[in-house]
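Here is how names work: the chains are called A, B, and so on, in the same order as the sequence lines, proteins then strands, and each is numbered from 1.
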Amino acid sequence: MDIDLYKECGRIANQVPEGMVTTYGAIARALGDIRARRAVGVIMNTYDGKRTPMPCHRVVYHDGSLGGFAYGLDAKVKRLKPEGVSVKDGRIAGFEKINFSDFKTPSPKPLEKAREEQLRLAGKVSTSDVRPLPNLTLGLDVSYSGIRAYGVGILFDIGNNEPVKTIRTKAEVRFPYVPTYLGFREMPIFRKIIAKVEEPVVLMLDGNGTIHPFGLGIASHIGVELGMPSLGVAKSLLCGETESEPTRKGAAEPVRLDGKTIGHALRTSERAKPVYVSAGHRISQDSAVTIVGKVSRLKVPEPVRLAHIEATKFRKESA
DNA sequence: GCGACAG
DNA sequence: ATCTTGTCGC
Ligand SMILES: [Mg+2]
């Protein structure tokens, strides 16, 4: 089942009693990963008080300073005062004494469970080519406005180097961006798009496949989950390192992590920085690089570039 | 103290 | 990812 991080966040935040406060990082830890601290801030800023009520005014920075508040910091102070929490010089008075972090949490915590799932699926990743490798690729991307998401798939003919069909879908996304958990955020909407495609395709994701600290970037995640060939193209590096940057168009440099090659930096355009290509599932690293090279004119390969443009259009015309 | 992590 | 005006260069 898809993870509702707003709901999980509410379960934690509602344990903070009147007269006490907590921090974005403490809630993130209770969710199962400190990496989610900024996502907690995003949730506090965007949640629907009717659907998932929680005392966002009791959440502050790690150093006792106030953090943010959608209605202005004065309003945050004003809500804390009747609860017996006062603010002096922009800091919570007696912060250490009233900093609540003793949360009751399920075991495993939500993000720990997500990570376990990730590791389990990572064990199923195959980086060998399926035969035959489809001659069609489906470029996928999504544009956001809060929890509203606008996804687009561009069905693209690799041999003829041209788009064949465009697929659009809307969805509500209740899992904010958390580094290394991108698959959990975007899988649901992409699954809806992919369900509308009949032909065999190689999925092309805006993000990584095996370039991931736990071996399961979004491309691998979706590939394994749906049993489809997939690859990832990222505009910047999530983890690992390259010895040098490829100079010539078409040149590639390995991305290595713990002594293993997990992907390649590929120069797709003379003037732009390289993109980072990695196999997702049921495809070899070589084929992933070859396909991306074939369908690239500018920095970002056409299927993903068009999906990105169309997703942004889709969001703007839906507003 | 510095560096820092897809979208 | 989104928020935004101009500017530089091909
Ligand atoms: Mg994207």
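Between A/Glu172 and A/Arg51 a salt bridge is recorded (basic side-chain N to carboxylate O distance below 4.0 Å).
Here B/dA6 presents its C1' atom at 5 Å from CG of A/Leu238, a figure rounded to the nearest Å. Here the C1' atom of nucleotide B/dA6 and the CD atom of A/Gln118 are 12 Å apart, to the nearest Å. Here B/dA6 presents its P atom at 14 Å from OH of A/Tyr144, a figure rounded to the nearest Å. When the P atom of B/dA4 is taken as reference, atom CD of A/Glu241 falls 12 Å away, rounded to whole Å. One interatomic measurement links the two molecules: NE2 of A/His221 to P of B/dA6, which rounds to 18 Å at whole-angstrom precision. We find that CD1 of A/Ile43 is positioned 20 Å from P of C/dA1, with the value rounded to whole Å.
Side-chain N/O atoms of A/Ser236 include one lying less than 4.0 angstrom from OP1 or OP2 on B/dG7. Contact annotation: A/Lys235 side-chain N/O to C/dA1 OP1/OP2 distance is under 4.0 Å.
At a threshold of 4.0 angstrom between heavy atoms, the contacts of A/Asn208 include nucleobase atoms, whether or not backbone atoms are also involved. Among the atoms of the strands shown, only primed sugar atoms or phosphate atoms (P, OP1, OP2) are found under 4.0 Å from some heavy atom of A/His308. Among the protein residues, A/Arg315 comes within range of the sugar-phosphate backbone only, with heavy atoms under 4.0 Å from sugar or phosphate atoms but none that close to a base. Here A/Ser145 lies out of heavy-atom contact (under 4.0 Å) with every strand. Among the heavy atoms of the strands, none lies under 4.0 Å from A/Phe184. Contact annotation for A/Leu237: backbone-only contact, meaning every heavy-atom pair under 4.0 Å involves sugar-phosphate atoms and none involves a base.
Side-chain N or O atoms of A/Gln285 include one that pairs as donor or acceptor with a backbone N or O of A/Val277 at under 3.5 Å.
The distance from the CE atom of A/Met228 to the CZ atom of A/Arg282 is 9.5 Å, given to the nearest 0.5 Å.
Judged by a 6.0 Å distance limit and a 45° cone about the ring axis, A/Arg58 is not positioned over the six-membered ring of A/Phe100.
Under a cut-off of 6.0 angstrom, the local environment of OH in A/Tyr61 is sparse, with at most 12 non-hydrogen atoms contributed by other residues, nucleotides or ligands.
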